[in-house]
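This report concerns only the one structure given below.
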Amino acid sequence: MKTIHKISFQEIESIPQLVKDFLNHKIEGFEEYTFSLDHFKNQIHLKQGSFTPVQRKVLAETLENQMSGLELSAKQSENLENLKQINTFTITTGHQLNLFSGPAFFVYKILQTIKTCSYLKENFPDFNFVPVYWMASEDHDFAEINHFKTENGYYEINERPGGAVGRIKINDTFFISEFEKEFKDCVFGTELILMLKEAYRSGNTLTKAIKTLVNRLFSEFGLLMIDGDSKELKNQVKETFRDELLNFSLYKTSKEKVNFLTEKYGKVQVNPREINLFYLSETRDRIEFDGQKYVVIDTDIQFTKAEIMAELDSHPEKFSPNALMRPVYQETMLPNLAYIGGNAEIMYWLELKDYFTQINIPFPVLIPRNSMLFIKEKTRGKIEKLGLRTEDFFQNFTAITNNKILDNNAVLSLLEQKENMLISQFSELKDAAETTEQSFGNMVKAEEVRQLKSFRRMKKRLLHAEKIKKSELLERLEKLFLEVHPSKNWQERIYNFSVFFADHGYSWIETCLEEMQIDESKLIIVAI
């Protein structure tokens, strides 16, 4: 495996402008929340002053309990002990409980979190830094997580949806036997199959399954996993939840930032609600206030103000944060310095800064996660043979294809020559027309527009004709695009990690870790 290129997010057309502007310090008020050692130094100071010994004690005890059923590495045990010390901080990423980890970027974001901790330890040796994976065990969109895809297969688990996905118990294991058929003859196929069988044993919850898998993959790196579906943890955030129910504070406080981002970038990733909490019963449903009562949507459950306050005091575990409240919950419970997430995650975190200030919790450094592409040498050879570069597939590929189809086209050259002559002639005409009556000058300009439109139509028709003539080349380009972008999407968002692990095993994970860029957000292209 060999890294052939690293492309900055600034050079990739499809990266959201909001993320580019954040990285370039072009959004006022967020300059101090990007990756830099000075910013981390400031975060250490802020978090030391805000994260209490009581919070550390609860966190350490909860994590020890949640990870007690796992075979821990020496590094994990050390990290659990270190969390009790005031000089220990976390770097966190979070993700849904996708079946068998889902798309491969799940692995990349965890490895970036691990490598960031190592980097910080090198630069701040008096402190400890612990990588944490926050499990989105309370999400209720089962259809979003119940499958994964390989090059040759689609695997799905069928269970009863509706409630917190982490609580779902595994009954359907048919997908395992199908997976075994695809991978049994691969170099590391047996390892993969054993991983899958161990994690997705009948009777395991999806939380236990992903915890088992993640521990198998990352225990040696000291990664800790935290499950937010916890009474002990939520007991520490009751006052924030109470304020949310009574005063709609997140909605009110984030309004200015949301309006600013909407006006500048067209929309925000997640629109805050008046109440950004769900109620957990057999299902997970939004809580709304109708002016008199608190209503749990799509159920018969209702509370008066006094009743819902009593419920929160007695059963904080029944209140579940939505996508915007979850970062607040996370940063309350962890001595956290930075969050590593995808572009969509970074965009909704940006909405929350004013709310963090109001509730007196340090806003973390935000790090858009790196992306990775593993490209076969055969595919790379085809790309080079056509005079293209791999990075071309992350620009406007329609324009690149069109340029390729019309490359060295004599008719196009003639059209452009005549078009430039026309522009020159009309320039002289317009200068002369300025000496006469205005309506004549307007007619000259209109005629120029009309004739130039004819040239645009001719070039468009020429492209269509050349695509028919060069259909074989067009087909090759389209097939190459799909080799780089399976299902017309980034590879990391489609293929499961098993596609790469099957042939390379843990050395693939080591390669990902080694090549991972941590101080700048990039697309890393590796030839295999």
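In this text the structure is predicted, and so the values were computed from the model without any measurement.
With 3.5 Å as the limit, one finds a donor-acceptor pair spanning the side chains of Q96 and E144. Donor-acceptor pairing under 3.5 Å is recorded for the side chains of Y155 and E182. Remark: the R284 side chain and the S320 side chain contain an N/O donor-acceptor pair separated by less than 3.5 Å. Residues T88 and N82 have side chains that never bring a donor and an acceptor to within less than 3.5 angstrom of each other. With no hydrogens or angles considered, no side-chain donor-acceptor pair links S137 and D229 at under 3.5 Å.
The two residues V268 and N271 make their nearest non-hydrogen contact at CG2-OD1, 3.4 Å.
Ring geometry for F127 against F129 counts as tilted: the plane angle lies between 30° and 60°, on a 0 to 90° scale.
The main-chain N or O of M372 is never found under 3.5 Å from a side-chain atom of K522 such that the two would form a donor-acceptor pair. Of the possible donor and acceptor atoms, one in the side chain of E345 sits under 3.5 Å from a partner among the backbone N and O of G342.
For the side-chain contact (heavy atoms from CB on, under 4.5 Å) test, residues two or more places apart in sequence or in another chain that qualify with V19 are I15, P16, L23, N343, M347, P368. By the ring-ring contact (aromatic ring centres under 6.0 Å, His included) test, Y119 pairs with F35, sequence neighbours left out. Remark: F374 engages F500, W508 in a ring-ring contact (aromatic ring centres under 6.0 Å, His included) (not counting sequence neighbours).
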Result block: side-chain N/O donor-acceptor pairs under 3.5 angstrom for residues 295-303, not counting sequence neighbours:
residue: T299; atom: OG1; partner: V296; partner atom: O; Å: 2.8
residue: T299; atom: OG1; partner: I301; partner atom: N; Å: 3.0

Return all side-chain donor-acceptor pairs below 3.5 angstrom for residues 352-362, not counting sequence neighbours, or 'none' if the list is empty.
residue: T357; atom: OG1; partner: K353; partner atom: O; Å: 3.2
residue: Q358; atom: OE1; partner: T253; partner atom: OG1; Å: 2.9

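Test E198, E71, E191 against R216 for side-chain hydrogen bond (donor to acceptor under 3.5 Å, both in side chains) and you get one pass: E198.
From N489, atom CG reaches atom NZ of K149 across 11.0 Å, with rounding to the nearest 0.5 Å.
Residues in residues 118-141 take part in these salt bridge (charged side-chain N to carboxylate O under 4.0 Å, His left out) pairs, two or more places apart or across chains: E138-K234.
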Please evaluate residues N370 and E520 with respect to the criterion side chain to side chain donor-acceptor pair (under 3.5 Å), reporting the C-alpha separation (whole Å), side-chain torsions for both, the decisive distance (0.1 Å), and the verdict. CA-CA 8 Å; N370 280 273; E520 187 179 352; over 6 Å; no
